[in-house]
Peer 1: 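This is the structure, below, for whatever I ask next.
Order of appearance sets the numbers: ligands from 1, and atoms from 1 within every ligand.
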Amino acid sequence: MNTDKAAPRHFLDLKDHSPATLRQMLDDASQMKRDWKAGIRAPQRAMFEGLVLAMIFQKPSTRTRISFEVAIRDLGGAAIVLHAQELQLGRGETIADTARILSGYVDAVMIRSSDHEDVVDLAHHASIPVINGLTDVSHPCQLMADILTYEEVRGPVSGTKIAWIGDGNNVAHSWIQAAALFDFELTLAVPEGFDPDPDQIEWAKAEGASIHIHRDPIAAIENAECVVTDTWISMGDDKAVTRRAALAPYQVTTDMMAAAKPDAIFMHCLPAHRGEEVTADVIDGPASVVFLEAENRLHAQKAILRWCLVGGSTSS
Ligand code: CP
Ligand code: NVA
């Protein structure tokens with residue numbers, strides 16, 4: 001159990017952190033990835049030995065669950081996976097009480113929740129770090145892996161143009177926050193009725209971000225270095241038929257990619273639905289970096305865990 005009485009280091013949203021802190025986490029992730037590829041497994045295991053990460057899932061997960069579990073194990077700790085419906089939380093025990101109970105047993109909590117406010121509430125009442133593993137509002141861990149991936153493939157993201165095509169959803173919100181914090185232009189093409197939360201855009205613009213909303217995907221994609229999309233039907237969304245009809249003109253196709261820069265890359269947080277938000281020839285084609293993006297979740301999670309648990313890189 002963590003007996004450190006200092007305020008816990010939560011990772012709830014990118015916008016809670018300075019560009020310098022996020023950059024330090026990305027540098028740490030890159031270094032750990034190089035070590036991992038060289039067969040060096042977390043040299044500072046002693047520091048994490050005995051640390052336990054609880055992971056609460058109110059929604060399904062492949063990448064987030066596996067990458068966090070492997071990440072904490074490689075650092076030298078352990079994970080407990082908790083499905084919300086199997087906890088008393090599912091029978092009405094409060095978030096506040098759950099936070100106090102978890103704080104007495106484990107060293108950090110990662111939570112995937114339907115309601116962002118539940119995660120904020122959990123962090124408010126916990127004396128251990130809380131990590132947002134996706135909510136209806138945002139997906140900050142995904143964006144750390146996405147920026148890591150972009151920079152691994154294309155170099156610094158600062159000053160580039162990235163186009164988001166499709167639904168103005170939770171992942172789009174984290175891209176909007178990232179645009180402000182990592183200093184790139186973000187153009188979004190979304191149909192009417194699917195705009196991102198205006199508060200997210202207002203926050204990013206107040207931070208100096210260059211963000212533009214278009215209805216025409218080609219206008220958004222022109223000269224972009226990277227085209228990003230996500231599922232049209234996020235976990236918990238209803239009205240699938242209506243959504244599919246409204247979003248159909250926003251399917252990322254080879255013709256659409258041709259409007260971007262010639263060497264533009266394609267990104268998607270996955271899971272993908274070939275034939276809906278993206279055609280198979282794009283996601284399985286040479287511009288796609290989606291599997292590198294998924295792989296990089298592991299290295300990004302390790303950096304986030306290190307920052308939350310021991311204050312960041314232990315190698316310097
Ligand atoms: N991208 C992502 O978070 O995937 P999972 O839902 O599989 O965790
Ligand atoms: N927008 C998607 C992302 C899945 C990782 C969802 O919330 O289901």
Peer 1: Over all heavy atoms of both residues, which pair between Q24 and G311 is shortest? Give the atoms and the distance, please.
Peer 2: NE2-O, 4.2 Å
Peer 1: Taking the side chain from S210 and the backbone from E185, do they hold a donor-acceptor pair closer than 3.5 Å?
Peer 2: no
Peer 1: Using 30° and 60° as the class boundaries, would you call the ring planes of H17 and F11 parallel, tilted or perpendicular?
Peer 2: parallel
Peer 1: For a quick check: using heavy atoms under 4.0 Å, what are the residues in contact with ligand 1, sorted by chain and number?
Peer 2: S61, T62, R63, T64, R112, H139, Q142, C269, L270, R297
Peer 1: Identify the closest protein heavy atom to atom 8 (O) of ligand 2: which residue and atom is it, and at what distance?
Peer 2: M235 N, 2.8 Å
Peer 1: Please could you name the atoms of ligand 2 that L270 approaches to less than 4.0 Å, counting only its heavy atoms?
Peer 2: 5 (C)
Peer 1: Considering the heavy atoms of T231, write down every atom of ligand 2 situated less than 4.0 Å from one of them.
Peer 2: 2 (C)
Peer 1: Using the side-chain hydrogen bond (donor to acceptor under 3.5 Å, both in side chains) rule, collect all pairs that involve residues 274-283, keeping only residues at least two apart or in two chains.
Peer 2: R244-E276, T254-D281, H268-E277, H273-E277, R274-D284, T279-D281
Peer 1: Do the charged groups of R45 and E49 touch, with an N to O distance under 4.0 Å?
Peer 2: no
Peer 1: Counting non-hydrogen protein atoms only, what is the nearest one to atom 3 (C) of ligand 2? Give residue, atom name and distance.
Peer 2: D230 OD2, 3.6 Å
Peer 1: Salt-bridge test for K37 and E295: reply yes if a basic N is under 4.0 Å from a carboxylate O, no otherwise.
Peer 2: yes
Peer 1: Can you name the residues that form a side-chain hydrogen bond (donor to acceptor under 3.5 Å, both in side chains) with S138, not counting sequence neighbours?
Peer 2: D13, N132
Peer 1: Do E152 and K33 sit within salt-bridge range, that is, some charged N less than 4.0 Å from a carboxylate O?
Peer 2: yes
Peer 1: Taking only residues two or more places apart in sequence or in another chain, which ones pass side-chain hydrogen bond (donor to acceptor under 3.5 Å, both in side chains) with D195?
Peer 2: R215
Peer 1: Nearest protein heavy atom to atom 4 (C) of ligand 2, by residue and atom, and its distance?
Peer 2: L134 CD1, 3.8 Å
Peer 1: Just need the protein heavy atom nearest to atom 7 (O) of ligand 2, so name the residue and atom and give the distance.
Peer 2: N170 ND2, 2.8 Å
Peer 1: Taking both backbone and side-chain atoms of H139, is any N or O found less than 3.5 Å from an N or O belonging to ligand 2?
Peer 2: no
